[in-house]
Each structure stands twice: as C-alpha cells, then as structure tokens.
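A short write-up of the structure that comes next.
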Amino acid sequence: MIFSSIGVNKRSVAFPAAIEKALDYLKAHDFTKMEPGVYEIQGKDIYAQVFDAETKPVEEQRPEVHEKFVDVQFLASGQEKLGFTPDTGNYEVAERFDERDLIFYKEVENESFIEARPGCFSIFFPEDVHRPACASGKPMTVRKVVVKVNKNLL
C-alpha cells in the first residue's frame with residue numbers, strides 16, 4: 001500500500017509504467033468537472049471509475065480486496081478515512097463478485113487508518129485489504145476516482 005499526494009513536486013521513486021500512466025491521468029484531469037462514469041485509459045487493462053460516494057462510519061463499510069487489479073484511489077473532493085491491513089489469507093469472505101474482481105471480508109485484524117484530503121492518492125495492491133469511504137468526522141459526499149490497473153502490467 002502506498003499513500004501520497006498527486007501534488008508532490010518530485011518523487012524519489014519511479015513506479016512501474018502502468019502506475020505512472022494512472023498517476024499521469026489523475027494529474028491531467030479536473031474530476032470535479034467530469035461526469036461520473038468509466039473512462040478507458042488503456043482499454044480494459046487501465047481504466048478510471050469516477051463517482052460520488054457517501055462516507056459512512058467505519059463499522060458500516062466493509063473491508064475489501066481485489067485479485068486481478070491494483071486500485072489507485074484518488075480523492076477529488078471531500079474528506080475520507082481509509083482502512084488498510086495486509087491480507088493474511090485467513091479472513092472469512094462475506095461476499096464475492098468475480099465479475100467485478102471484488103471480495104468483501106467479514107472482519108479483519110490489525111487495521112490502520114489514513115486520512116485523505118483532495119489530491120491524496122492510495123495504491124492498494126491485491127495483497128492489501130482496504131476499507132474505503134469511511135467518514136472522517138461527519139459523513140459527507142466525496143468525489144472519488146479509482147483507476148484500476150491490471151496487475152499483469154506490473
């Protein structure tokens with residue numbers, strides 16, 4: 001899991017080309033002025049989902065993982081708390097949606113949280129359990145962008 005800001009002047013590390021492509025896309029667009037929807041960046045291998053979400057208390061959001069795609073989550077507006085913890089392989093599955101590459105777990109252990117503000121991005125790999133859209137203070141509507149990157153491109 002990586003957490004940073006899209007506004008960083010100069011990064012000290014280079015990401016794989018597919019992640020760089022996702023970050024370049026995030027830097028190049030004003031998502032507050034875009035319509036919600038799915039935008040292809042590199043066909044079905046890299047694409048952006050732009051949407052509005054309601055943040056909720058942590059206990060109302062479920063921890064999730066993806067097996068085939070890396071999530072590059074970007075906050076365009078609002079405030080959000082995100083949970084994360086390593087996937088130990090020992091968590092009980094609550095629901096699985098193979099067509100969406102989405103697995104929800106019932107519970108996780110040793111979860112930490114980060115606070116995201118506009119311009120922050122998080123990169124969640126398949127081994128990272130994450131719990132997005134948790135309220136940071138009062139629940140609110142946030143504009144999010146999730147760039148999905150096929151892990152085979154890394």
Side-chain angles (χ1 to χ4, degrees), residues 1-6 11 13-23 25-26 31 36-154:
M1 182 269 191
I2 296 169
F3 181 73
S4 189
S5 172
I6 206 73
R11 288 194 309 267
V13 297
F15 294 115
I19 299 293
E20 290 287 353
K21 189 174 236 181
L23 295 175
Y25 183 84
L26 294 172
F31 297 101
V38 177
Y39 297 85
E40 287 189 3
I41 300 169
Q42 185 177 311
K44 302 292 184 200
D45 284 330
I46 305 175
Y47 59 94
Q49 300 169 322
V50 179
F51 59 94
D52 296 319
E54 294 297 319
T55 63
K56 297 177 183 173
V58 170
E59 58 277 2
E60 293 180 28
Q61 298 292 57
R62 298 187 293 178
E64 63 185 62
V65 292
H66 313 287
E67 295 177 322
K68 298 175 186 168
F69 283 86
V70 173
D71 267 8
V72 181
Q73 296 198 10
F74 177 74
L75 191 63
S77 69
Q79 300 178 88
E80 169 188 39
K81 184 161 63 169
L82 300 114
F84 65 96
T85 191
D87 190 346
T88 62
N90 297 322
Y91 299 129
E92 186 178 350
V93 173
E95 283 187 281
R96 181 183 190 101
F97 302 94
D98 290 330
E99 68 283 354
R100 293 175 51 203
D101 186 37
L102 178 60
I103 299 169
F104 288 114
Y105 288 135
K106 288 186 177 183
E107 294 180 12
V108 294
E109 297 175 337
N110 301 316
E111 189 173 18
S112 297
F113 290 87
I114 50 178
E115 299 276 336
R117 301 295 183 262
C120 290
F121 70 88
S122 306
I123 304 173
F124 296 108
F125 298 93
E127 60 271 14
D128 299 320
V129 177
H130 50 287
R131 187 188 310 248
C134 297
S136 175
K138 292 182 180 180
M140 69 177 64
T141 302
V142 298
R143 171 59 60 100
K144 288 200 65 171
V145 182
V146 178
V147 178
K148 305 293 265 180
V149 177
N150 188 317
K151 74 175 187 176
N152 293 329
L153 297 177
L154 304 184

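For the atom pair OH (Tyr91) and NZ (Lys106), the distance works out to 15.5 Å, reported to the nearest 0.5 Å. For the atom pair Phe74 CZ and Leu23 CG, the distance stands at 10.0 Å (nearest 0.5 Å). For the atom pair CG (Asn150) and OH (Tyr47), the distance works out to 9.5 Å, reported to the nearest 0.5 Å. Rounded to the nearest 0.5 Å, atoms CZ (Phe125) and CD1 (Ile2) are 4.5 Å apart. Atom CG of Leu75 sits about 7.0 Å away from atom SG of Cys120, to the nearest 0.5 Å. Distance CD/Glu115 to CZ/Phe3: 8.5 Å, rounded to 0.5 Å.
The heavy-atom pair separating Ala22 from Val149 by the smallest distance is CB-CG2, 4.1 Å. Taking all atoms of both residues into account, the shortest heavy-atom contact from Leu82 to Ala116 is CD1-CB, 3.7 Å. For the residue pair Val145 and Ala48, the shortest heavy atom distance occurs at CG1-CB, 4.1 Å. The shortest non-hydrogen separation linking Ala135 to Pro57 is CB-N, 4.2 Å. Nearest heavy atoms, Ser77 versus Pro118: CA-CG, 3.9 Å.
Between the side chains of Glu54 and Thr141, at least one donor-acceptor pair of N or O atoms lies under 3.5 Å. Counting only N and O atoms by type, the side chains of Gln42 and Lys21 include a donor and acceptor under 3.5 Å apart.
Looking only at side-chain heavy atoms (C-beta outward), Val70 and Leu154 come within less than 4.5 Å of each other. The side-chain heavy atoms of Asp52 and Val142, taken from C-beta on, include no pair separated by under 4.5 Å. In this structure, Glu60 and Cys134 have side chains that are not in contact, with every pair of non-hydrogen atoms separated by 4.5 Å or more.
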Item to complete: Decide yes or no on salt bridge (Lys or Arg N to Asp or Glu O under 4.0 Å) for Lys144 and Glu80, but give the supporting numbers first.
Response: CA-CA 10 Å; Lys144 288 200 65 171; Glu80 169 188 39; 2.8 Å; yes

Fill in: Derivation and outcome, side-chain contact (heavy atoms from CB on, under 4.5 Å), residues Gln79 and Met140
CA-CA 8 Å; Gln79 300 178 88; Met140 69 177 64; 3.5 Å; yes

Worksheet entry | Worked verdict on Ser4 versus Phe121 for side-chain contact (heavy atoms from CB on, under 4.5 Å) | CA-CA 6 Å; Ser4 189; Phe121 70 88; 3.5 Å; yes

Discussion item. Under the criterion salt bridge (Lys or Arg N to Asp or Glu O under 4.0 Å), I'd like the reasoning laid out for Glu95 against Arg62: C-alpha separation, chi angles, the key distance, then a yes or no.
Written reply: CA-CA 10 Å; Glu95 283 187 281; Arg62 298 187 293 178; 2.5 Å; yes

Worksheet entry | Verdict with reasoning, Val72 to Ile19, per side-chain contact (heavy atoms from CB on, under 4.5 Å) | CA-CA 8 Å; Val72 181; Ile19 299 293; 4.2 Å; yes

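With hydrogens and angles ignored, the 3.5 Å screen pairs no side-chain donor or acceptor of Asp71 with any backbone N or O of Gln73. Of the possible donor and acceptor atoms, one in the side chain of Arg131 sits under 3.5 Å from a partner among the backbone N and O of Gln61. In this structure, the side chain of Gln49 does not engage the main chain of Val38 through any donor-acceptor pair within 3.5 Å. When atom types are taken as modelled, the side chain of Glu20 and the backbone of Phe15 share a donor-acceptor pair closer than 3.5 angstrom. With Ser112 contributing its side chain and Phe84 its backbone, the two residues share no donor-acceptor pair below 3.5 Å. With hydrogens and angles disregarded, no donor-acceptor distance shorter than 3.5 Å links the side chain of Thr85 to the backbone of Val129.
Sparse packing is recorded around CD of Glu107, with 12 or fewer heavy atoms of other residues, nucleotides or ligands lying under 6.0 Å away.
The aromatic rings of Phe31 and Tyr25 sit tilted relative to each other, their planes meeting at an angle between 30° and 60°. In this pair, Phe97 and Phe104 present their aromatic rings perpendicular. The plane angle is above 60°, beyond the 30 to 60° band.
Using a cut-off of 4.0 Å between Lys/Arg side-chain N and Asp/Glu carboxylate O, Lys151 and Glu67 are scored as not salt-bridged. In summary, Asp101 and Lys68 do not engage in a salt bridge, as defined by a charged side-chain N under 4.0 Å from a carboxylate O. A salt bridge does not link Asp98 with Arg100: every distance from a Lys NZ or Arg NE/NH1/NH2 to an Asp or Glu carboxylate oxygen is 4.0 Å or more.
Both the sub-6.0 Å distance and the 45° axial angle are satisfied by Lys81 relative to the ring of Phe113.
With respect to His66, the side chain to side chain contact (heavy atoms under 4.5 Å, CB included) criterion is satisfied by exactly one of Leu102, Asp128, Ile103: Leu102.
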